Amino acid sequence: MNQTEQKIKDLTALLNRYAYEYYTLDAPNVPDAEYDRLFRELEALETAQPEYKQPDSPTQRIGGAALEGFTSVRHTVPMLSLNNAFSPQNEEGVFDHAEMYAFDERVRGGLNGAQAEYVIEPKFDGLAISLLYRDGMLVQAATRGDGATGEDVTQNVKTIANIPLRLHGDNVPQLIEVRGEVLMLKADFTALNQRQADQNQKTFANPRNAAAGSLRQLNSKITARRKLHFFAYSIAQQEGGFVSEQHIQELAYLSDLGFSLPNGQFGCFPNIGEVLGFYEQMQQKRPSLPYEIDGMVVKVNSLAQQKTLGFISRAPRWAIAHKFPAEEALTVVEAIDVQVGRTGAVTPVARLQPVFVGGVTVTNATLHNEGETQRKDVRIGDTVIVRRAGDVIPEVARVVFDRRPMQTPETIDETNTSFLDGLQEDLFALPSEKHQTTSQPLYPQYRLPEHCPICGSDIEREEGGAVARCSGGMLCRAQRVQGLIHFASRKAMDIDGLGQRQIEQLVAQELVRHFADLYRLDITTLQKMKENTDQAETQSGVEAMPSENTPVLSDGLTNGKKPLPTKWAQNILDGIEASKQPDLARFLFALGIRHVGERTAKSLAQAFGNLENIRHAPEPVLACLPDIGSVVAHSIAHFFAQAEQQNMIDELLAVGVAPQEQPVTLPLAQYVTPERWISRLPDFKISEKKAAALWDLAGKSVEGLTRDKALPADWQQWRSIEANLSLLTTMQQFLAHMPSETGTIAESHASSLFGKTFVLTGTLPTLKRDEAQAMIEAAGGKVSGSVSKKTDFVVAGEAPGSKLEKANALDVAVLNEAALLALLNS
Ligand code: IVH
């Protein structure tokens, strides 16, 4: 064998092993980048010497030439179906397993009363496939078709990463036909639909359809991109290799040959009672599984017993599909309400006639937003299909249009013209072909209310955005509660003891309206609140919180007349007191400014150093900062432009909250150069180059920009708008007072890491990710989420992702934890 041939064989075997470790064992041993490097090497060798390409070459996984059509394959062993059994649940969730007991009876009857052991495994919701291996190599893959004849999808199946192209181990049969299910994992399905939607392509109704559509592609390159997954569940025929006597041994053998099994989701049990216990557990686990299943399959374990039992019509007597209750159910929309979140986002929610779906009673389902509600055309009175998918929030999947309540002569009220207006407009707004009705729907198309149902403020729609918001801000109780919860949360002011429940009570009893009120709480108020709550809860039959009777220090102002302060209240007060000197970044994050997450808050703090500078920074200045784009800059400036927000901050300062000043990492003047801020003026988007020219033309002064008559017409036009002119004045003032070159610069400026960008990937041996980040930032570096040419270092730990690949591709320096620590200490 010559060297190239040997090299191709070795690389093929090695890459197949890595893929197996990654996709089947879920335990990768090399970084993705290493796999890719070897893959490219193999590809190059194969192109140069195609005669040495191996039949199990992993390069087939990326798909080949498109087919004209699929050829048919006759199944030597027909692909049959399964009979179904259901276990309905009553109101209390108790199962009625009568159909399964009847199955067990039939089995034992067929075995002359002998006891049968059962294997129970998931009933995958995908499509059945048959894989034929000769001498260990995958030679044919076929769909089920009508059970007798299917389609040859070999090219496509070869792209499925966890299907072995060559069988593993030293007990490989001469021939084996493996049956199993091809499916799409829920996460891959969500990502696929997202991509499809982004590209204005059709989306798939569920992972099963997506899997079917992907497997039946004539172009296998498309299949390869779709990320399908395979689970083996039986052996249809076999010559040579291990001789199984039990189904469970077949499964173990399939696993040895390199197939994926649904680990942890199948088992062998001595009797039907234990099978049913496992079924009930699996029904609970169903929503959290990474793939969809619609029940469990129960199979007689002994192959000899299977043979005795045989088949009746087209289904085995030795197996049954024990279905789960549908995760979709029909119910009626009684009303459509809205919910208001922390940022004021207003979400329509369908109030439903209670319905049992996938093991829980559902009374509300999200409609996501107004556009989505109109697209699905959900109206009051509609019969809808409610879906409870993998996640916990149930949603309305679709409307059953032929059950929509329609107007009858009695329901048309001639005098109620506004109602009719709505209906008229509706007809123009949404010409729907979906519902073939002759008359008018009884209820109009859904519209979000104009005013917030909680506080009455206007609801504003964002341009282009699907989101509508209550404009009430902290005037709105719903937003207040959410805002306070955020303010007190761990990553914000980190107020110990003050959780959602306490905040809801404080707001409900009007003891706290705004952030500063938290710092005015005293022990008496807190106690009163607790008493009121306990009382209300006792009256309403809810058990009161266990009260603590440990007496703590009196507050000294009460002359001993008031009830004993409790430890509970004191803990909260201690938590509040301890939060009074937050880092500037935490404080900014706590304010709940839209688009200001932890990262942006940190950038602001590092650039400005103190709250005073930030709260008076004009929008173009904010937009000059690294990592802050125009939307974020606008949001920050808009927040601080509101008198109520400024008052709120003043109040916080007045009650003793003192955000800590910090050294700035770079003098602001280095970010806020004339060409940068001019190119970032709202509604006047020009390049920095043009901005620089304009600046020169204006004699390098804001004064000139404001008054000079010889400037270009578009500039004169822009500044003729009152708000723009006043923005220039603000800029002038800000620039005049901008902290100058030196003085506040962080010591870390001197450090060699100053301004260097790091990206972290994988798990580091000792440091947690946020610890590593904090150390890098303390040394003046920045941590970014993605690798680009500007990245200085990638710090890679165990199981790094594509970031490491990218670093290698871009020649970015890669450090391990030890190297990082050395660098930080240098
Ligand atoms: S065994 C003789 N096991 O269910 C029938 N089938 O109704 C052997 N299915 O088309 C089938 N999960 O696609 C078996 N663990 C499982 C299964 C399973 C899903 C599907 C299969 C088949 C259908 C039969």
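First listed ligand is number 1; within each ligand, the first listed atom is number 1. Atom set for the values below is all heavy atoms of this structure, side chains included, hydrogens, waters and symmetry mates excluded. Keep in mind that this is a model prediction, so the values were computed, not measured.
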Self-check item: Numbered atoms of ligand 1 (with element) below 4.0 Å of Arg144, judged on heavy atoms
Solution: 10 (O)
Self-check item: Distance filter under 4.0 Å to Val297 heavy atoms, resulting ligand 1 atoms
Solution: 3 (N), 15 (N), 16 (C), 17 (C)
Quiz item: What protein heavy atom is closest to atom 7 (O) of ligand 1, reported as residue, atom name and distance in Å?
Solution: Leu82 N, 3.1 Å
Self-check item: Selection from Arg314, Arg179, Glu121, Lys299 by shortest heavy-atom distance to atom 1 (S) of ligand 1
Solution: Lys299
Self-check item: From the candidates Gly126, Pro316, Ala128, the one that places a heavy atom nearest atom 10 (O) of ligand 1
Solution: Ala128
Quiz item: What part of Pro122 sits under 4.0 Å from ligand 1 if we count only heavy atoms: the side chain, the backbone, both or neither?
Solution: backbone
Quiz item: Is it true that Glu372 and Arg398 make a salt bridge, defined as a side-chain N closer than 4.0 Å to a carboxylate O?
Solution: no
Quiz item: Is the closest side-chain donor-acceptor distance between Arg166 and Asn16 under 3.5 Å?
Solution: no
Quiz item: Got a sec: does the OH of Tyr23 have more than 12 other heavy atoms crowding it under 6.0 Å?
Solution: no
Quiz item: Which one of Glu181, Lys123, Gln265 has a non-hydrogen atom at the shortest distance from atom 23 (C) of ligand 1?
Solution: Lys123
Quiz item: Going by atom types alone, do His75 and Thr149 pair a side-chain donor with an acceptor below 3.5 Å?
Solution: no
Practice problem: Answer with yes or no whether the side chains of Glu121 and His247 bring together a donor and an acceptor at under 3.5 Å. | Solution: yes
Self-check item: Pick from Tyr233, Trp318, Phe311: the one approaching atom 16 (C) of ligand 1 most closely through a non-hydrogen atom
Solution: Tyr233
Practice problem: Report yes if the side chains of Leu352 and Thr363 come closer than 4.5 Å at any heavy-atom pair, otherwise no. | Solution: no
Exercise. Would you indicate whether the side-chain heavy atoms of Arg179 and Ser234 approach each other to under 4.5 Å?
Key: yes
Quiz item: With a 4.0 Å heavy-atom cut-off (strictly under), which part of Phe124 contacts ligand 1: side chain, backbone, both or neither?
Solution: both
